[in-house]
Engineer: 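Have a look at this one before I ask anything.
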Number of protein chains: 2
Amino acid sequence: MIEKIDLDKRDWIAGLEKGLRVIEAFNDAHPRLTASTAARRTGITRSAARRYLLTLQHLGYVDSDGQHFWLTPKVLRLGWSYFDSAKVPRAAQPHLQRISVALGGAAFFAVLDEDDVVFVARDGFSQIQNVGFVLGARLSANLVAAGVAMLSCQSPAEIDHWLSGRKFVAYTPHTATTEAAVRENINNARNRGYALLEQQLTLSVRGIAVPIRKRSGEIVGAVSVSLPMEGETSERAVARALPLLREAEYALMSAF
Amino acid sequence: MIEKIDLDKRDWIAGLEKGLRVIEAFNDAHPRLTASTAARRTGITRSAARRYLLTLQHLGYVDSDGQHFWLTPKVLRLGWSYFDSAKVPRAAQPHLQRISVALGGAAFFAVLDEDDVVFVARDGFSQIQNVGFVLGARLSANLVAAGVAMLSCQSPAEIDHWLSGRKFVAYTPHTATTEAAVRENINNARNRGYALLEQQLTLSVRGIAVPIRKRSGEIVGAVSVSLPMEGETSERAVARALPLLREAEYALMSAF
DNA sequence: GACTATTGCGCGACAATCGCGCAATAGTGT
DNA sequence: ACACTATTGCGCGATTGTCGCGCAATAGTC
């Protein structure tokens, strides 16, 4: 993990970086950590890891039985600060509502964070009970229309970098699991100017998304809608959805 | 802000506490901060606040135009670590699914964090589009059945402390906005052993919740269900919902 | 009961963090 | 246009907070 830090050393708070590393060391596979395991996972010494865990415990972000440490719901405050403060999801909300009502599906605003798509705003419900579609949830960008829409705006070099060494997990029998198939989805999206994905993450569900840019051209996210596939051709769904998505796109462009 | 820290000074990482304070300084009313405003809001000096913001920026948790700083979606990773690692929401999930399917509403698992209810697991959808019912969302405990259920298990002293100096915001014309009314809700819940709230947060919506305890008796959270009120008496709704909630309660009791 | 792996904690040393204070800049009003 | 105020970035010397070693104690295994 070599990182180029051209930041003046005197403006770098080592303790904060390590502390955040400790919080992120908790995950699915490691729901509870001891001082030693935390040290191993974060690459800091055991003494230090223990100090960070104790500090987090006294701040209320982790709890402990003396041996093991685990995160408390207080850490959710940190993520929630983003929703409270970010203007992007808030600006998108009324447009999402209009889309979800008109189309009868669920509308999302998503952004890219490193390699993942993160859903930061939502309106409307659908029969899709997939836990992936929760605010703050992150998914590999190739799995959802919003992700492919954003990838399609990147330069070939960035896309190559994104694809390199990536493992594709099949969520349905239709999930694109080869680099070529994923690349085709991205190319299709670029050519069309919108992304259309079917049954990649959930069976019988279709996603349509358009990338959202600032006036400067910079990508800030994507607006997407999830629709049930049954009883509707993809052409018909696109014809219904695209005008609304475009409308949101233009409105949001001037908002940023 | 006098805090009693009987923790050995040598096990206290000051930089981590300040850094987290800086992240939490971003909120609804202060979506973007400068070094100076961050300093004022966190109580640390301007130089230090600037150092923390720069560190967060280089870690990717905040972005900046050079003057103002704002949070990026990366901070959502921190909150997500909790969902990935916490066993409580995961243990509750199958029960929530059973409840939501059987009752046709949305089922939640909620915990208390300080004074707020935090929803940490959900299954099923309802016509309730309230943004409050999102994973990680926090609400004043008196507004939702799950919160009242948990409050009803606290000691009188704890309840008094919770009530003291609290402002009650009316979300609907039926919201309990006086201390007496809130107290009555809590007392009713204690007497019945479950909480029943109607139209406190959303019109035409009824919530029913039971507190979840460990075997030791310690409260770990509450399971709740949101149901539309129309066409059903409260007695009938309770009769339908309570057996399922109790079933989840007993199952979860042995899980912790 | 010896073995290994882990833990809490004290200590001395070092470097990382501190906040002052300067100069430069941005924004306001007369 | 001018001074006036409130910012800002940044250098510096001082000190305090963080480091990781190493010990003794404990927990778990064969």
Side-chain angles (χ1 to χ4, degrees), chain A residues 1-26 29-71 85, chain B residues 1-26 29-71 85:
Chain A
M1 180 159 328
I2 300 126
E3 215 169 322
K4 220 171 288 169
I5 299 164
D6 51 329
L7 181 63
D8 197 333
K9 231 174 44 179
R10 95 182 90 250
D11 284 336
W12 182 259
I13 309 293
L16 176 53
E17 185 208 357
K18 289 182 197 152
L20 294 172
R21 276 230 297 276
V22 169
I23 295 179
E24 290 195 4
F26 291 89
H30 302 270
R32 313 168 91 225
L33 298 177
T34 64
S36 311
T37 51
R40 244 169 286 148
R41 287 181 54 73
T42 54
I44 60 188
T45 62
R46 182 180 65 89
S47 315
R50 183 172 167 275
R51 275 191 287 267
Y52 282 92
L53 286 168
L54 288 174
T55 303
L56 287 170
Q57 180 182 3
H58 280 258
L59 290 170
Y61 294 98
V62 312
D63 209 346
S64 165
D65 60 4
Q67 179 102 299
H68 294 268
F69 296 83
W70 57 89
L71 294 174
S85 74
Chain B
M1 172 144 354
I2 301 126
E3 215 170 322
K4 222 172 286 170
I5 299 165
D6 52 328
L7 181 62
D8 197 332
K9 232 174 43 179
R10 99 182 84 250
D11 284 336
W12 183 259
I13 308 292
L16 177 53
E17 185 209 358
K18 290 183 197 152
L20 295 173
R21 277 232 296 278
V22 169
I23 294 178
E24 289 196 5
F26 291 89
H30 303 270
R32 314 168 89 225
L33 297 177
T34 64
S36 311
T37 51
R40 246 169 285 147
R41 288 181 53 74
T42 53
I44 59 188
T45 61
R46 182 179 65 88
S47 314
R50 183 172 167 275
R51 277 192 285 265
Y52 282 92
L53 286 168
L54 288 173
T55 303
L56 287 170
Q57 180 181 3
H58 279 258
L59 290 171
Y61 293 99
V62 313
D63 208 346
S64 165
D65 60 2
Q67 179 103 298
H68 294 268
F69 296 82
W70 56 88
L71 295 175
S85 74

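Proteins come first, then strands; the chains are lettered A, B, ... in the order of their sequence lines, and each starts at number 1. Computed from heavy atoms alone, side chains included, the values below leave out hydrogens, waters and symmetry copies.
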Engineer: Tell me every residue that passes side chain to side chain donor-acceptor pair (under 3.5 Å) with B:E24, counting only those two or more places apart in sequence or in another chain.
Structural biologist: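 Residues passing side chain to side chain donor-acceptor pair (under 3.5 Å) with B:E24: A:Y61.
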Engineer: Is there a side-chain contact between A:K18 and the phosphate of D:dT18, meaning an N or O under 4.0 Å from OP1 or OP2?
Structural biologist: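 No, because none of the side-chain N or O atoms of A:K18 sits under 4.0 Å from OP1 or OP2 of D:dT18.
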Engineer: When you measure only distances, ignoring hydrogens and angles, does the side chain of A:R51 come within 3.5 Å of the base of D:dG20 through a donor and an acceptor?
Structural biologist: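 Present.
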Engineer: Show the nearest heavy-atom pair for residues B:P31 and B:W70, with the distance to one decimal.
Structural biologist: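 Smallest heavy-atom distance, with atoms named: O-CB, 3.9 Å.
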Engineer: On DNA chain C, nearest-nucleotide positions of A:T34 versus B:A14: which is more 5'?
Structural biologist: A:T34
Engineer: Send over the distance from A:F69 CZ to C:dG8 C1', rounded to a whole Å.
Structural biologist: 11 Å
Engineer: Within this structure, what is the CG-to-C1' distance between A:L54 and D:dT18, rounded to whole angstrom?
Structural biologist: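 Whole-Å distance recorded here is 14 Å.
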Engineer: Please answer whether the main-chain N or O of B:I13 pairs with a side-chain N or O of A:T55 as donor and acceptor at a distance below 3.5 Å.
Structural biologist: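 Yes, because the side chain of A:T55 sits within donor-acceptor range (under 3.5 Å) of the backbone of B:I13.
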Engineer: Under the rule for side chain to side chain contact (heavy atoms under 4.5 Å, CB included), what residues qualify as partners of B:T42, not counting sequence neighbours?
Structural biologist: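 Partners of B:T42 under the side chain to side chain contact (heavy atoms under 4.5 Å, CB included) test: B:R21, B:V22, B:A25, B:I44.
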Engineer: Pairs in or reaching into residues 32-43 of chain B: which pass salt bridge (Lys or Arg N to Asp or Glu O under 4.0 Å), with residues at least two apart or in two chains?
Structural biologist: B:R32-B:D65
Engineer: Side chain of A:Y52 only, please: which of D:dG20, D:dC10, D:dT18 is the nearest?
Structural biologist: D:dT18
Engineer: Using heavy-atom distances to pick each residue's nearest nucleotide on DNA chain D, tell me which of B:R50 and B:R40 is more 5'.
Structural biologist: B:R40
Engineer: Among all residues two or more places apart in sequence or in another chain, which pass the side chain to side chain contact (heavy atoms under 4.5 Å, CB included) test with B:R50?
Structural biologist: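 Side chain to side chain contact (heavy atoms under 4.5 Å, CB included) check on B:R50 returns A:D11, B:A35, B:L54.
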Engineer: Separation of A:H68 atom NE2 from C:dG8 atom P, in whole Å?
Structural biologist: 11 Å
Engineer: Distance check needed: C:dG19 C1' versus A:D11 CG, whole Å only.
Structural biologist: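 In whole Å, C:dG19 C1' lies 13 Å from A:D11 CG.
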Engineer: From CH2 of A:W12 over to P of D:dC10, roughly how many Å is that when rounded to an integer?
Structural biologist: 16 Å
Engineer: Which residue lies toward the 5' end of DNA chain D, B:T37 or B:G15, if each is placed at its nearest nucleotide?
Structural biologist: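 Here B:T37 is the residue nearer the 5' end.
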Engineer: Nearest-Å distance, CD1 (A:I44) to P (D:dG20)?
Structural biologist: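 Whole-Å distance recorded here is 8 Å.
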Engineer: List, with names and distances, any nitrogen or oxygen atoms from the protein found under 3.5 Å away from nitrogen or oxygen atoms belonging to nucleotides 22-27 of chain D.
Structural biologist:
unit_1	atom_1	unit_2	atom_2	d
D:dG22	O6	A:R46	NH2	3.4

Engineer: Could you give all pairs that pass the salt bridge (Lys or Arg N to Asp or Glu O under 4.0 Å) test and reach residues 52-62 of chain A, with sequence neighbours left out?
Structural biologist: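 Checked against salt bridge (Lys or Arg N to Asp or Glu O under 4.0 Å) - neighbours excluded - no pair reaches residues 52-62 of chain A.
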Engineer: Rounded to the nearest Å, what distance is computed from the CD atom of residue A:E17 to the P atom of nucleotide D:dC19?
Structural biologist: 11 Å
